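Let me begin by presenting the structure, written as structure tokens, before commenting on it.
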Amino acid sequence: MTLTQLEIFSLVAELQGFTSAAHRLGISQSAVSHAIKGLEEELGVALFRRHQAQVELSDIGAQLLGRARAMLGLANTLQQEAADARGMKRGTLRIGSFGPTSSTYLLPKILNRFRLEYPGIEVHVDEGPDRQVMQWLDERRIDIGFVVLEQERFDTFALFEDQMVALLPADHKLAAREQVSLKELCNDPFALTEAGSSELVLRLFNEARLTPNVRFRCSQLLSTLETVGRGDAVSVVAQSSLPIWRDQRYVQRALSPRVPRRVGLAVLDRRHASPAALAFIRIAQALAW
């Protein structure tokens with residue numbers, strides 16, 4: 001069993017295909033098939049079920065995937081620790097990011113400094129909803145992720161605080177108010193942004209024993225802004241996620257009571273975090289907002 005086989009196995013599982021994994025790795029499909037066949041023969045189990053062009057993990061394959069990713073993560077950490085002794089000239093850092101706050105507001109500044117200090121570290125960024133970033137951390141698909149705090153099952157590092165605000169059509173009856181309560185937002189159709197702090201928004205309503213009238217589930221914030229701008233719904237979003245340019249069709253209003261939101265970085269276990277991940281955290285905290 002080799003690390004290359006485990007890497008190919010993990011990528012085939014992620015992309016659900018031999019061809020797509022071959023394209024990502026820059027090798028032939030036959031090389032991918034050969035690696036998987038060799039791994040299956042060594043382990044004595046079928047790791048995948050084949051369905052024409054697509055494949056899916058077998059039950060034992062799904063069970064072994066987490067172990068494979070853990071071994072790859074450990075190998076990456078060992079390589080980076082060795083690279084650290086040489087001035088961290090080589091290595092890979094996998095980052096999970098969610099929504100405009102981390103992807104647009106925080107990440108570019110951190111990456112710019114990180115690349116200046118560690119130009120040899122290859123950085124991969126995956127974007128998804130906040131809950132998916134946490135799932136990627138659990139599955140060891142990423143080394144570090146931006147999360148909404150608090151997250152007790154991870155080691156976290158606070159970076160930034162803003163507040164959640166009500167988003168209203170400009171001609172809405174509540175738009176003349178300086179503050180809006182969650183209860184008042186339950187009287188209208190509600191647009192929920194899945195890619196943003198959706199878990200936090202729903203938790204706010206649940207803790208207040210309120211149920212928003214969710215009529216729209218938008219995969220991206222821009223869709224939520226458009227929905228509210230058309231006058232079709234109200235919403236609750238993070239203030240820092242809103243575009244700098246001002247759209248006259250909607251307004252933001254403070255929530256009453258005020259609802260702060262803290263954003264930070266998370267790793268599965270800081271004791272096992274790679275030197276590149278720890279360097280990224282150090283730079284991010286030095287730039288903390």
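On a predicted model such as this, the values are computed, not experimentally measured, just so you know.
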Is there a ring pair (Phe, Tyr, Trp, His ring centres under 6.0 Å) between Tyr118 and Phe280 once you walk through the steps?
-> CA-CA 10 Å; Tyr118 306 103; Phe280 188 86; over 10 Å; no
Using side-chain heavy atoms (C-beta onward) and a distance below 4.5 Å, is [X] in contact with [Y]?
X: Leu225; Y: Leu242; value: yes
X: Phe205; Y: Phe190; value: yes
X: Leu168; Y: Tyr250; value: no
X: Phe146; Y: Asp130; value: no
X: Leu204; Y: Val259; value: yes
X: Glu117; Y: Arg282; value: yes
X: Ile95; Y: His124; value: no

* Please check if the side chain of Asn213 supplies one atom and the backbone of Cys186 the other of a donor-acceptor pair under 3.5 Å. =>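 Not at all, since once roles are kept as given, no pair shorter than 3.5 Å links the two residues.
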Q | Among Arg131, Gln220, Gln132, the one residue meeting side chain to side chain donor-acceptor pair (under 3.5 Å) with Glu194 | A |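 Considering Arg131, Gln220, Gln132, a side chain to side chain donor-acceptor pair (under 3.5 Å) with Glu194 is found only for Arg131.
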What is the distance from atom [atom1] of [X] to atom [atom2] of [Y], rounded to the nearest 0.5 Å?
X: Asp232; Y: Asp188; atom1: CG; atom2: CG; answer: 11.0 Å
X: Leu47; Y: Leu65; atom1: CG; atom2: CG; answer: 9.5 Å
X: Asp269; Y: Arg153; atom1: CG; atom2: CZ; answer: 14.0 Å

Should Arg258 and Gln179 be marked as a side chain to side chain contact (heavy atoms under 4.5 Å, CB included) after you check the CA-CA gap, both sets of side-chain angles, and the distance that decides it? CA-CA 9 Å; Arg258 181 179 179 272; Gln179 297 181 329; over 6 Å; no
With the threshold set at 4.0 Å, does a side-chain nitrogen-carboxylate oxygen contact exist between [X] and [Y]?
X: Arg94; Y: Glu139; value: no
X: Arg253; Y: Glu178; value: no
X: Asp171; Y: Arg249; value: no

Taking everything shown except His34 itself, do over 12 heavy atoms lie less than 6.0 Å from its NE2?
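No, because the 6.0 Å sphere around NE2 of His34 holds 12 heavy atoms or fewer from other groups.
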### Query
Shortest non-hydrogen contact from Ser235 to Thr224?
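Closest approach of Ser235 to Thr224: OG-CG2, 3.6 Å.
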